[in-house]
Structures are given as C-alpha cells and as structure tokens.
Amino acid sequence: MATTDAEVERVRALVATVPTGRVVTYGDIAAAAGLSTPRTVGWIMRTDSADLPWHRVIGASGRPAAHLADRQLRLLAAEGVPIRDGRVDLRTARFPLP
C-alpha cells in the first residue's frame with residue numbers, strides 16, 4: 001500500500017513536536033500516526049525530514065542507524081540526551097506522544 005500525503009504530514013507533524021533533549025522511536029511515531037509499520041516512518045524520515053529534528057527519532061533499541069550513528073549521537077548529546085555505550089537511555093529520554 002502506498003504512503004499517502006496525509007500520512008507523510010502526520011509523521012512530519014509528530015516529529016516536529018519532539019522537544020529538545022527528548023527522543024521517540026520509529027514505532028512510537030508509527031503508532032501515533034496510525035501506520036501499520038515503523039518502516040513507513042523510516043522511509044518518510046529518509047525522504048522528507050531535512051527541515052525536521054530527524055535526529056530525535058531512533059530505533060527501539062536506542063541505537064541510531066549505523067550510517068548516522070556518529071552525527072546523530074553527537075547532536076543528541078549536545079541537547080543533553082543521556083547516552084550510554086552508543087545507545088540512548090530511552091527510560092529517561094523518551095518523549096510520550098499523544
């Protein structure tokens with residue numbers, strides 16, 4: 001099933017609400033946006049997130065994608081996100097979406 005413009009806009013709006021120093025997972029966004037899979041969020045973030053705080057969206061393990069890890073962890077650390085052994089502490093930093 002194709003991703004609709006409305007779904008893209010819902011994901012973008014949710015990502016835009018994540019405050020400095022907090023993170024959400026791809027699954028958090030998918031659930032809040034009513035999407036069937038976090039992979040759709042990943043696709044949207046990969047193709048349409050240059051103007052969003054993309055670095056605040058991470059995998060459920062708390063680890064960023066390998067190709068983004070250094071940059072993403074550096075940006076998150078600068079915002080005060082707790083990071084241990086290359087992994088975000090989700091218990092502390094996870095932002096509850098509506």
Side-chain angles (χ1 to χ4, degrees):
M1 184 199 256
T3 304
T4 67
D5 289 343
E7 290 169 332
V8 170
E9 289 310 312
R10 277 198 308 270
V11 167
R12 289 179 50 77
L14 286 164
V15 172
T17 69
V18 181
T20 301
R22 303 298 292 273
V23 299
V24 293
T25 68
Y26 293 99
D28 295 339
I29 295 285
L35 300 174
S36 61
T37 177
R39 290 180 184 267
T40 302
V41 176
W43 177 83
I44 292 168
M45 295 301 295
R46 185 172 56 253
T47 60
D48 191 19
S49 68
D51 60 335
L52 295 172
W54 61 268
H55 59 286
R56 297 180 189 147
V57 183
I58 61 170
S61 69
R63 291 193 188 278
H67 69 286
L68 297 172
D70 290 339
R71 183 173 177 209
Q72 190 169 18
L73 290 175
R74 189 171 50 251
L75 289 168
L76 291 172
E79 292 184 357
V81 173
I83 299 167
R84 292 181 186 87
D85 298 322
R87 184 182 300 214
V88 171
D89 180 355
L90 289 174
R91 289 181 198 204
T92 305
R94 196 175 213 162
F95 178 70
L97 291 170

Please determine whether side-chain contact (heavy atoms from CB on, under 4.5 Å) holds for the pair D51 and R12, giving the CA-CA distance in whole Å, both sets of side-chain angles, and the decisive distance to 0.1 Å.
CA-CA 9 Å; D51 60 335; R12 289 179 50 77; 2.8 Å; yes

The test is side-chain contact (heavy atoms from CB on, under 4.5 Å); show your working for F95 and R56 and say whether it passes.
CA-CA 10 Å; F95 178 70; R56 297 180 189 147; over 6 Å; no

Given side-chain contact (heavy atoms from CB on, under 4.5 Å), test L35 with V41 step by step and report yes or no.
CA-CA 8 Å; L35 300 174; V41 176; 3.8 Å; yes

side-chain contact (heavy atoms from CB on, under 4.5 Å) between W43 and V11, intermediate numbers included
CA-CA 11 Å; W43 177 83; V11 167; over 6 Å; no

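Across every non-hydrogen atom of Y26 and M45, the tightest pair is CE2-CG, 4.2 Å. Closest approach of L73 and P64 over heavy atoms only: CG-CG, 3.8 Å. Taking every heavy atom of both residues into account, T92 and R22 meet most closely at O-NE, 4.2 Å. G59 and T25 get closest at one heavy-atom pair: O-CG2, 3.9 Å. Taking every heavy atom of both residues into account, A16 and P53 meet most closely at CA-CD, 4.4 Å. The heavy-atom pair separating L76 from V23 by the smallest distance is CD2-CG1, 3.8 Å.
Formation of a donor-acceptor pair under 3.5 Å by the E79 side chain with backbone atoms of P19 is not found in this model. At least one donor-acceptor pair closer than 3.5 Å links the side chain of T4 to the backbone N or O of E7.
No more than 12 heavy atoms of other residues, nucleotides or ligands lie within 6.0 Å of CG in D70, so this atom counts as exposed by the packing criterion.
Take R46 and apply the side-chain hydrogen bond (donor to acceptor under 3.5 Å, both in side chains) test, not counting sequence neighbours, and it matches no residue. In terms of the side-chain hydrogen bond (donor to acceptor under 3.5 Å, both in side chains) criterion, R10 has no residue partners (sequence neighbours excluded).
Between R63 atom CZ and L90 atom CG the span is 11.0 Å, to the nearest 0.5 Å. Atom CG of D48 and atom OG1 of T3 lie 11.5 Å apart (nearest 0.5 Å).
Here the rule is side-chain contact (heavy atoms from CB on, under 4.5 Å) with R94, and of I58, V24, D28 only D28 fits it.
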